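Chain identifiers are assigned alphabetically (A, B, ...) following the order of the sequence lines, protein sequences preceding nucleic acid strands; residue numbering begins at 1 within each chain. All values derive from a computational prediction rather than experimental measurement.
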2 protein chains.
Amino acid sequence: MKITILGCYAATPRSFTNPTSQVLEIKNHLFLIDCGEGTQVQLRRNKIKFSKIKHIFISHLHGDHFYGLVGLVSTFRLLNRENELHIYGPKGIKEIITLQLKLANSWTNFPLIFHELTSKQPELLFEDSKLSVSTLPLKHRVYTNGFLFKEKAGDRKLLIDKAEEYNIDFSLFKSLKKGKDVVSEDGKLIPNRLVTADPPPPKSYAFCSDTVFDLELVPMIKNTTVLYHESTFLEDQRELAFPTKHSTAKEAATIAKEAGVEKLILGHYSTRYENIELFRTEASDIFQNIILADDGEEITVE
Amino acid sequence: MKITILGCYAATPRSFTNPTSQVLEIKNHLFLIDCGEGTQVQLRRNKIKFSKIKHIFISHLHGDHFYGLVGLVSTFRLLNRENELHIYGPKGIKEIITLQLKLANSWTNFPLIFHELTSKQPELLFEDSKLSVSTLPLKHRVYTNGFLFKEKAGDRKLLIDKAEEYNIDFSLFKSLKKGKDVVSEDGKLIPNRLVTADPPPPKSYAFCSDTVFDLELVPMIKNTTVLYHESTFLEDQRELAFPTKHSTAKEAATIAKEAGVEKLILGHYSTRYENIELFRTEASDIFQNIILADDGEEITVE
């Protein structure tokens with residue numbers, strides 16, 4: 001699982017900082033999460049293969065999270081994309097994109113499929129044999145969702161030496177991986193646990209931006225491997241966080257701690273702060289395993 | 001008169017090139033012409049004072065000419081702009097921008113005034129005592145206008161020594177500057193031309209992008225000081241120019257020559273060309289005074 005931070009600053013793009021966008025590489029997928037202005041340039045700078053992106057998830061319709069989407073869709077068209085592109089985002093996103101394509105007289109030559117979201121309950125958006133993607137309803141100034149990407153438990157790990165020791169025929173290995181007990185060549189019932197080991201625990205990633213501090217989020221992201229939680233402010237600007245429906249670094253750390261996640265990525269920093277290390281310092285009092293997002297950063301989770 | 005090229009490449013923004021946008025500084029105005037994705041970042045990089053921009057002219061609704069507009073408008077809002085902002089562009093532009101502001105629940109706190117264009121004849125868009133701005137109807141795949149910025153002739157230049165020699169009272173200097181004949185202190189009629197000189201000739205700037213090669217443009221831009229004419233292609237790709245309604249460098253030079261302009265700026269280069277000097281080489285056979293636009297370039301016209 002690899003997260004590439006294309007942009008992690010709040011409000012407006014600036015000379016050297018970019019608004020929110022990330023690429024999550026997980027189980028052979030390349031998911032794009034949010035798409036602020038300039039995302040397509042950041043994709044190029046980070047050498048990410050445009051054509052492999054098949055699903056784009058947009059948290060909410062504030063400009064710093066989606067103004068780069070129409071440009072990216074247009075560029076896919078210019079690159080002669082043929083594959084389907086799925087866009088998941090709040091109701092209204094389809095009208096915004098299609099209106100612009102229509103007025104430019106440049107409809108896409110690939111299937112562009114919108115999944116407009118309105119539910120305030122968690123919803124399953126995508127699923128295959130290896131993973132699922134669901135919404136995490138967030139509380140912000142406009143309708144907003146975070147996204148939870150969850151790997152499914154894989155096959156059990158076959159202990160080849162043990163399987164041979166117990167005289168199990170090769171044709172039964174698949175059954176063993178699926179967790180079944182089998183009968184050996186000499187007719188004995190071999191319990192699965194003797195010849196297999198647990199698979200690596202499935203990983204998960206929760207993207208939560210933008211959101212006010214909200215403990216109702218905790219049960220939805222319980223034991224997530226990695227949590228990206230916005231921290232627009234430090235506690236010194238705490239009086240701004242609630243009215244703007246944003247969080248402080250300390251609040252993000254509190255959510256991480258309560259949910260028992262393994263790692264917390266902080267981001268969506270207000271551009272008023274010149275030194276983002278202050279976010280780590282503040283959050284570290286509450287939660288230890290912190291990564292500060294920064295544009296261009298690649299975060300690999302083994 | 002100063003032109004700052006914020007972006008001058010066709011199609012999509014890339015790591016080191018930007019789509020169309022320019023700032024024209026003329027007679028105390030800062031006009032923004034076109035606004036491709038990333039324009040607000042280019043404004044910052046080129047240290048242009050956002051707040052001084054009061055008029056934005058959009059040639060057409062292809063993404064590489066206006067996808068940065070909604071982000072710029074939103075940033076004006078975040079910067080607490082109070083002054084009016086006038087946006088001139090094809091019909092539809094108001095709906096695109098207002099729909100996005102509405103869905104973000106973030107209407108502007110400054111007057112945002114749209115001037116939607118539909119005419120296929122030249123139209124006066126803006127005028128004050130020092131200059132005028134009119135459309136230049138262009139032929140492209142969608143409804144498109146160029147823009148003609150024309151300084152008005154200034155006051156005549158007073159020759160102080162001569163005025164004193166002819167015994168003209170100080171109170172009449174203003175009339176002299178306005179071109180009037182006056183009566184000297186000793187009662188003689190003094191013809192204006194004896195005590196004044198012609199003012200510097202008014203300058204003009206014609207922005208023509210995107211457009212197919214079109215000789216009907218020539219009378220509209222006759223004797224313009226500076227012409228920016230798109231040259232998406234070289235003659236080697238001539239067969240692409242007409243169907244996509246773009247021009248070659250040679251065609252741009254032909255328009256410059258026929259119109260008798262002083263300088264020609266080439267731009268809107270297709271990203272297929274790595275060496276933009278080739279555009280100068282090709283155009284130079286037809287027209288000599290050529291400037292190759294490049295991102296970040298400042299072109300001052302004395």
### Message
Counting only heavy atoms from other residues, nucleotides and ligands, does the tally under 6.0 Å from CD of A/Glu274 exceed 12?
### Response
no

### Message
Surrounding NZ of B/Lys94 (heavy atoms of other residues, nucleotides or ligands, distance under 6.0 Å), is the total greater than 12?
### Response
no

### Task
Begin with the C-alpha distance, continue with both residues' side-chain angles, and end with the deciding distance and a verdict on side chain to side chain contact (heavy atoms under 4.5 Å, CB included) for B/Glu37 and A/Tyr67.
CA-CA 9 Å; B/Glu37 185 174 350; A/Tyr67 281 170; over 6 Å; no

### Summary
Under 4.5 Å to a heavy atom of chain B? For A/Ile96 that would be both

### Task
List the steps and the verdict of side chain to side chain contact (heavy atoms under 4.5 Å, CB included) for A/Glu95 and B/Leu99.
CA-CA 9 Å; A/Glu95 188 183 355; B/Leu99 174 65; 3.8 Å; yes

## Note on the structure
When every non-hydrogen atom of B/Val142 is compared with those of A/Ala104, the smallest separation belongs to CG1-O, 3.6 Å

### Query
If you draw a 6.0 Å radius around CD in A/Glu82, do more than 12 non-hydrogen atoms from other residues or ligands fall strictly inside?
no

### Query
So what's closer than 4.5 Å to chain A heavy atoms on B/Thr17: side chain, backbone, both or neither?
neither

### Evaluation steps, side chain to side chain contact (heavy atoms under 4.5 Å, CB included), between B/Gln100 and A/Gln100
CA-CA 11 Å; B/Gln100 292 182 82; A/Gln100 293 182 81; 3.6 Å; yes

### Query
Which atom names give the shortest non-hydrogen contact between B/Lys91 and A/Leu103, and what distance separates them?
O-CD2, 4.2 Å

### Task
Would you sort out whether A/Asn105 and B/Arg141 count as a side chain to side chain contact (heavy atoms under 4.5 Å, CB included), showing the intermediate values?
CA-CA 8 Å; A/Asn105 202 7; B/Arg141 303 198 303 280; 5.9 Å; no

### Part of A/Thr271 within contact of chain B (heavy atom distance under 4.5 Å)
neither

### Message
Can you confirm whether more than 12 heavy atoms, excluding those of B/Arg272, are under 6.0 Å from its CZ atom?
### Response
yes

### Message
Please classify the contact of A/Ser74 with chain B as side chain, backbone, both or neither, using a heavy-atom distance under 4.5 Å.
### Response
side chain

### Query
Do you know which two heavy atoms are closest between A/Arg44 and B/Pro13, and how far apart they sit?
NE-O, 3.5 Å

### Summary
With chain B, the option among A/Leu78, A/Leu61, A/Val70 that has the most non-hydrogen atom pairs under 4.5 Å is A/Val70

### Task
Determine whether more than 12 heavy atoms belonging to other residues, nucleotides or ligands lie under 6.0 Å from atom NZ of A/Lys54.
no

### Message
For a 4.5 angstrom cut-off between non-hydrogen side-chain atoms, does B/Thr12 reach A/Gln40?
### Response
yes

### Query
Where on A/Phe66 is there a heavy atom nearer than 4.5 Å to chain B: the side chain, the backbone, both, or neither?
side chain

